[in-house]
Each structure stands twice: as structure tokens, then as C-alpha cells.
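Let me begin by presenting the structure, written as C-alpha cells, before commenting on it.
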Amino acid sequence: MHQLILTFSCDDTAGIVHAVTGAIVACQGNILELQQFSSTDTGRFFMRVEIDVPTAPEEFRAAIAQVATRFAATWAVVPAGVPTRTLVLVSKAAGPLNDLLFHVRAGDLPIEIPLILSNHEQLGRLAHYHGIPFEHHAVLPDSKPAFENRIRQAVDELGIDLVVLARYMQILSPELCTDLAGRVINIHHSFLPGFKGANPYRQAHERGVKLIGATAHFVTSNLDEGPIIEQNVHRVDHSATVAELTSIGQGLESDTLTSAVRLFAEKRIFLDGIRTVIFH
Ligand SMILES: Nc1nc2c(c(=O)[nH]1)N[C@@H](CN(C=O)c1ccc(C(=O)N[C@@H](CCC(=O)O)C(=O)O)cc1)CN2
């Protein structure tokens, strides 16, 4: 038996589920999990199916391809349990990286991290402790293109599926955002759309918020405005200093990023315009 994950999206219409499940039955497949959503905003249909099939994956793909052609669908069939190869970019903050590394080691985050790139040296020891190659490249305005070329090289040479900005504090160029569209996740340390950009905890303190938050989102050339994947919040009050907000936020950032990376690795995220559909 082969356990596979099917992701399928197309313009919404009647008969999609019937056609897809009919193809699964024709391949003697057993459906383990099926989730679907019809977006009335965009008229799109989304489905994620986990299946056990006795036939070879190629035979199953051929059956699904016929259905996909009928509905002009965007689709993929991948083996379940294959780790997502992930390049992590960091600066100085250790929390989100540490949480990713903890959960990889714990075995409950299906990614593998062949390389960590950073514009600062501080987190090299943490990478070394986990036996992960770490490269430090100072990023100045005139050296940013070279560093971004290193990112492209690593993505190509290491077969990277996902790039994670784990509190990486540099703005990616529009060109790199285009090259990696849909494959870069950032953790922003505020409850977006509030407090975009740098120093969101200071912005929040000055505004006197009663909730702080963290947001994991896809990265686009519009700073901190990419499709939101996951968010968490925590209640605060007037007595919290910026330092206390930052400390409380550490846990939020880490939990939110790790959750978003897990959703990506399990193929549970679908893009629906500027929003996402998430099958938890
Ligand atoms: N193209 C994008 N790049 C990045 C995004 C994004 O949404 N689109 N998110 C940021 C993360 N971020 C907040 O979460 C953020 C990082 C950095 C800055 C910033 O002003 N950086 C300065 C340099 C700061 C420094 O060197 O310490 C800059 O790049 O000029 C704002 C927001 C990650 N990148």
C-alpha cells in the first residue's frame, strides 16, 4: 500500500468530489482524510485527500490527471511522510529557530534543514549544536544582492521546498519574492495587519494595545502583507513594558511559526487570492 496526499483546486462547480472520489475508488483507494472548501469570494474549490492505494503512485496520478484535465485543476499527488526540505534564514533572535529545531528533533515537525543562513553570527552555536551547517554573510545595502544569490544557489543545489524567515530582519527584494513565490514563510511579531515593519512591540506599546500577537505569512514584495497562514495572540495590559511585551511575544512567535511550517509540510495550505485556505 502507498499512502499519498492529493491536493486539488479548480473553479468551483458540481461533481468535483464525485469525480475525484470515483477515480480513487477505481484505483481501489481508501480515503483516510478528506477536506474541501468552496470559496464564494473567488469561486474556487479546494480539496485535500489522504489516501491509501494499492496501485503504484504513477497509476494513481494518471487516474487523477484525467479528472484534473476535466476541471482544469491545479493538483499534486505526493507520498505522505516525506520531509519538506527547508532553508532557514535568521538574524539575532533565537526563539523561532530554536523551536523549529526542537520540534524537528522531537519528530513532530516533518521537515529537514540542510542549511541555516544568517546576516549575523550569534546563532551559529545553536546550529552547530544541532549539527546543521551555518553560514554567516554580513548583509549591507551593497552586499544584499550577493546574499540573495546565495539563497537562490542554496535553494537550487539543496533541493529546497520551503524558505523560512525565522526573525530574519532583512527585506527580500521583489525579484527574490517573485522567484520564490508561495515558498517563503515569515514570522512577523505582531497581530497583522497591525504594526507592520520593524519594531512592532514598540509600536504596540505606544498604541497601548490590550492584545499582542504573532503572524506567520507568505512573503511578498509588499512588506508583511503576504497571505496570512497562522496567528496567535496574548492579553496584555497598560503595565507591560516593551521588554515585557517582547518576552511574552517570544513564545507566540515560536508557536505560530512552527505551526505554519507544519501546515506547509503537511500540504494543508492553499492560496485563495490574497488569503489562504487551511485544512487543519
Ligand atoms: N519582501 C519581504 N521581505 C521581508 C518580509 C516581507 O513581508 N516581505 N518580512 C520581513 C520581516 N520583518 C518583520 O517581520 C521585517 C524585517 C526587516 C525590516 C527592516 O526594515 N529591515 C531593514 C534593515 C534592518 C536591519 O538591518 O536590522 C531593511 O531591510 O532595510 C522590516 C520588517 C522579512 N523580510
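The shown structure was predicted, so the numbers you read here are calculated from the model rather than taken from an experiment. All ligand and atom numbering here is 1-based and tracks the order in the structure. Along the sequence shown, residues are numbered consecutively beginning with 1.
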- Near ligand 1, which residues have a heavy atom under 4.0 Å away from one of its atoms? K144, L165, Y168, M169, Q170, I171, L172, C177, N186, I187, H188, G197, A198, H217, V219, T220, L223, D224
- Is E230 paired with R262 through a side-chain N to carboxylate O contact shorter than 4.0 Å? no
- Which residue, T246, I248, N232, forms the side-chain contact (heavy atoms from CB on, under 4.5 Å) with I212? I248
- Query: For the hydrophobic clusters of this structure (ILVMFWY residues joined by side-chain heavy atoms under 4.5 Å, transitively), does one cluster hold both L176 and L117?
  - Reply: yes
- Message: salt bridge (Lys or Arg N to Asp or Glu O under 4.0 Å), that's the test. Do E50 and K267 meet it? Break it down for me.
- Response: CA-CA 10 Å; E50 289 188 16; K267 313 294 188 277; over 6 Å; no
- Item | Over 12 foreign heavy atoms within 6.0 Å of CD, Q66 | no
- Message: Taking ring pair (Phe, Tyr, Trp, His ring centres under 6.0 Å) as the cut-off, I'd like each qualifying pair that reaches into residues 11-55, sequence neighbours left out, listed once.
- Response: F46-F270
